[in-house]
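Reminder, nothing fancy here: chain letters follow the sequence lines and each chain counts from 1.
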Amino acid sequence: MSDFISHFWSDYVAVLSLLSIAGCVLLLWLTARKRVAADADNTTGHVWDEDLREANNPLPLWWVGLFVLTIAFGLAYLAIFPGLGSFKGQSDWTSRAEYDTEVARATRELAPVYDRYATLPAEEVARDPQARAIGERLFMNNCAQCHGSDARGSKGFPNLTDKDWLHGGAPDKIVETITKGRVGTMPPMAAAVGTPDDVKNVANYVLSLSGEPHDSLRAGLGKPKFTACAACHGIGGVGNEALGAPRLNDKIWLHGYGEAAIVQMINEGKHNVMPAQEGRLTEAQIKLLASYVWAFSNPPAATP
Amino acid sequence: MSRKIIPIVAVASEAGESGGPGEGVGLYEASKKIYPRSVHGMFARWRWAVVFLTQLVFYGLPWVQWGERQMVLFDLAARRFYVFGLVLYPQDLIYLSGLLVISALSLFLFTAVAGRLWCGYACPQTVYTEIFMWVEHRIEGNRTARMRLDAEPMSLEKLVKKWFKHIVWIGIAMWTGFTFVGYFTPIRELGMAFLQTQMGSWEVFWVFFYGFATYGNAGFMREQVCKYMCPYARFQSAMFDRDTLIVTYDPQRGEPRAPRRKGPDPRTLALGDCIDCGLCVQVCPTGIDIRQGLQYECIGCGLCVDACDTVMQKMAYPPRLIRYDTQNGMEGRWTRPQLLRRVLRARVLAYTAILAVLVSGLLASLVARTPFKVDVVRDRASLARIVEGGRLENVYRLQIMNATEQQRRYAISARGLDGVAVASEPAVTVDAAQSRWVAVRLQLPYGVTPSGSHTVYFDVREEGGGAQVSEKAVFLVPR
């Protein structure tokens, strides 16, 4: 698994490295053989700047020993570990295998922590301070990117702290959502509803369902046309958790508020995706995370 | 202007002398072991005083408690640094920087005034070498006894002495390593863990590593560390000037040197005061002959001054043939008061002034320090959202770092925009010496503020304490 496109660069690096080490050996050998003329005052005879004379201060042998050790270390390292071009080394060490080992070890070490919560019901896990702390960290690293660090979401990303659930708010439903992800699809409904005017009427009817300001004449005209929507959203816009169809008779406007936003939604539809987390998080992590999220809308009754 | 000449001459090596000029000498040679003679006198006493002072602090400090905790503890794992009553966070790095700048400047100051004072008296390398040499002296005897012992073939007595010495050395070294680790792990718990053989692997590693370094450097490497490893030793001669007090031999008074009997006035013998006894060379921990002038190996410990003074006293000559003197003083035959007056020169005064400013600045900032810190991070997920009641909302994460050792409550408010208000919990509790991230929501009435990015300020106030921290943030209003 070399990144080089030809053998040339691999050989180039290997030869250059070995030549450099050989050069160090040669330098050491040559200097060890060299004798300098020692004058009576222990200077080498070199004079610079008129009167600056070089004294002979011999390098201590232990320093030479360190140099030899460094060379030996370098050669041994290159023999054992990958370093000489694309040569893999005797130990077959890779950073990927090292990473996998470390992850496996961390998982093993953390297993007892997660095991404590495996048998507890989610409602109890949600009240455990340590489980909540783990849940918070997991949430910040994996969920907050879309749902916000306060879990209140933003346009298109559901608020997790309220009682409104697209796919159900029971702990096992949340586990399902995190594990498998969700796809929310609303097809463009303009053709089914009728004329652009009909669409506008339906939009006003939708606004009326949650008591928002609306044109009551248009709302009245829109009501019969709403049957096209009721297939998913239910009669009176009560929503359907089995389909992931939002409630329309509450004050929550996930994809935008007002007539214009609703008209756009009916005309264009929407395809909204929450990615599945099962490959990224373990089952135990997902359970803690689900309990943490569940507790937003089910706060523990006044704990001290 | 006359050329400044600092004679730096290495001691003639024995190999060079025996080899003769014809053959030449190698560029490498085995370092020769130095057997310093022990010496008594004023500067030796000063050295021991500093040894006791520094080691009392080093070995003693981790054992002192401050309330419920160790007085000085650098908890790297939890990233909290406890120094007396202070709880410091990594964000307080500026204090460490200040301390290091002050240390460096103090070094410049001391060096400008009296040369390598640090090297000669207070450097751990010097201090541990001195302790180890004391042990060596107690077990193997004085200089001549040690030289004889090393030259002897192995015998039971030699074996016992050598083993005993190394065991004591290793004991001291390990205790030093243990103490060192005790600054980073509570030392009492570390001691209990040691007794139960339950020390962590990293703790064991560092005890052995630091212990090994002490054993090796103070037992074997000694002056080699100063000569070949220490960078400071090499650059500090650049801080010397002609008015720096350095250990100096007075050749005008000493030469010509020669051995002689006690009694007659040396002038009548046409001799200087130096009797060429070689004691100054024998006591030198770096093995140089100070009579050849200033050399880079000289650590300025003054032991040769003590040795020479003892001899001068025996000969009934005036003391201080070797003394702390300046280049100007030596050339101009200055008196002591003349020398000392030159201490107050521009360079020294400048160092002192800068030091005074830095020290008072550091102290003032420590006194005026707010006992908590706040960091604001805008939420990365949502720019802005519209919430029930038609209000605009931005989300932030506030990290509140409690730098006191009590649980504290902090009130959070915002200002800087018309109608801006905190919509989340207006006050949060943070445990003692802990930091906590809290999500804070700010709301604005819809339509009042033009779209774009606006500056807002968070005011975080410690309840009951009154200290307040303001942090700037940005509120985004969508189009």
Side-chain angles (χ1 to χ4, degrees), chain A residues 28 30-45 49-67 133 136-137 139-140 143-157 159 161-162 210 212 250-254 256-258 261, chain B residues 3 5 7-13 15-32 216 220-221 223-224 227-229 292 295-297 377-390 393-398 423-425 436-441 446 478:
Chain A
L28 203 57
L30 286 178
T31 48
R33 285 170 54 88
K34 188 172 169 60
R35 317 291 293 176
V36 291
D39 296 339
D41 61 353
N42 194 39
T43 55
T44 58
D49 289 350
E50 295 165 20
D51 61 351
L52 197 58
R53 289 169 303 142
E54 184 188 9
N56 178 37
N57 288 315
L59 206 57
L61 271 179
W62 59 259
W63 195 96
V64 179
L66 287 182
F67 203 156
E136 184 182 7
R137 284 192 285 274
F139 186 88
M140 286 304 166
C143 315
Q145 287 80 351
C146 294
H147 292 283
S149 48
D150 63 346
R152 284 166 185 259
S154 64
K155 191 178 170 186
F157 300 102
N159 181 347
T161 66
D162 57 18
S210 40
E212 300 289 347
D250 57 14
K251 299 261 184 195
I252 290 157
W253 301 96
L254 177 59
Y257 170 72
Chain B
R3 191 183 271 265
I5 296 165
I8 294 186
V9 182
V11 196
S13 66
E17 282 161 5
S18 60
E23 277 174 45
V25 290
L27 292 176
Y28 310 135
E29 70 170 18
S31 59
K32 280 180 285 295
F220 301 94
M221 297 307 283
E223 82 290 343
Q224 307 269 318
K227 280 165 71 174
Y228 300 110
M229 299 182 200
Q292 297 183 0
Q295 292 146 68
Y296 76 87
E297 293 96 335
V377 179
R378 254 194 71 89
D379 191 74
R380 283 171 290 177
S382 60
L383 294 179
R385 59 192 174 214
I386 301 173
V387 294
E388 229 173 300
E393 190 173 86
N394 274 203
V395 188
Y396 306 83
R397 298 195 79 209
L398 262 62
S424 48
E425 281 288 309
R436 189 178 157 193
W437 282 98
V438 284
V440 176
R441 290 176 288 128
Y446 188 77

Side chain from CB out, backbone as N, CA, C, O: work out which of these in [X] comes under 4.5 Å of a heavy atom of chain B, or both, or neither.
X	value
A/Leu28	both
A/Ala144	backbone
A/Trp62	side chain

*Give the member of B/Ser31, B/Ala30, B/Ala439 that has the highest number of heavy-atom pairs under 4.5 Å with chain A.*
B/Ala30
*Sort out for me which of B/Arg441, B/Lys227, B/Met229, B/Glu393 touches chain A most, counting heavy-atom pairs under 4.5 Å.*
B/Arg441
*Taking the side chain as C-beta and beyond, is there a heavy-atom pair between A/Asp150 and B/Asp379 under 4.5 Å?*
no
*Is there side-chain contact between B/Leu383 and B/Pro478, with at least one heavy-atom pair below 4.5 Å?*
no
*asked:* Quick check for you: to the nearest 0.5 Å, what is the distance between A/Gln145 atom CD and A/Phe139 atom CZ?
replied: 9.0 Å
*Value rounded to 0.5 Å, distance of OH in B/Tyr28 from CG in A/Leu61*: 9.5 Å
_Just so I understand: if I count every heavy-atom pair under 4.5 Å between each of A/Arg152, A/Lys155, A/Arg33, A/His147 and chain B, which residue has the most?_
A/Arg152
*asked:* Please give me the minimum heavy-atom distance between A/Ile252 and A/Asp162, naming the atom from each residue.
replied: CD1-OD2, 3.4 Å
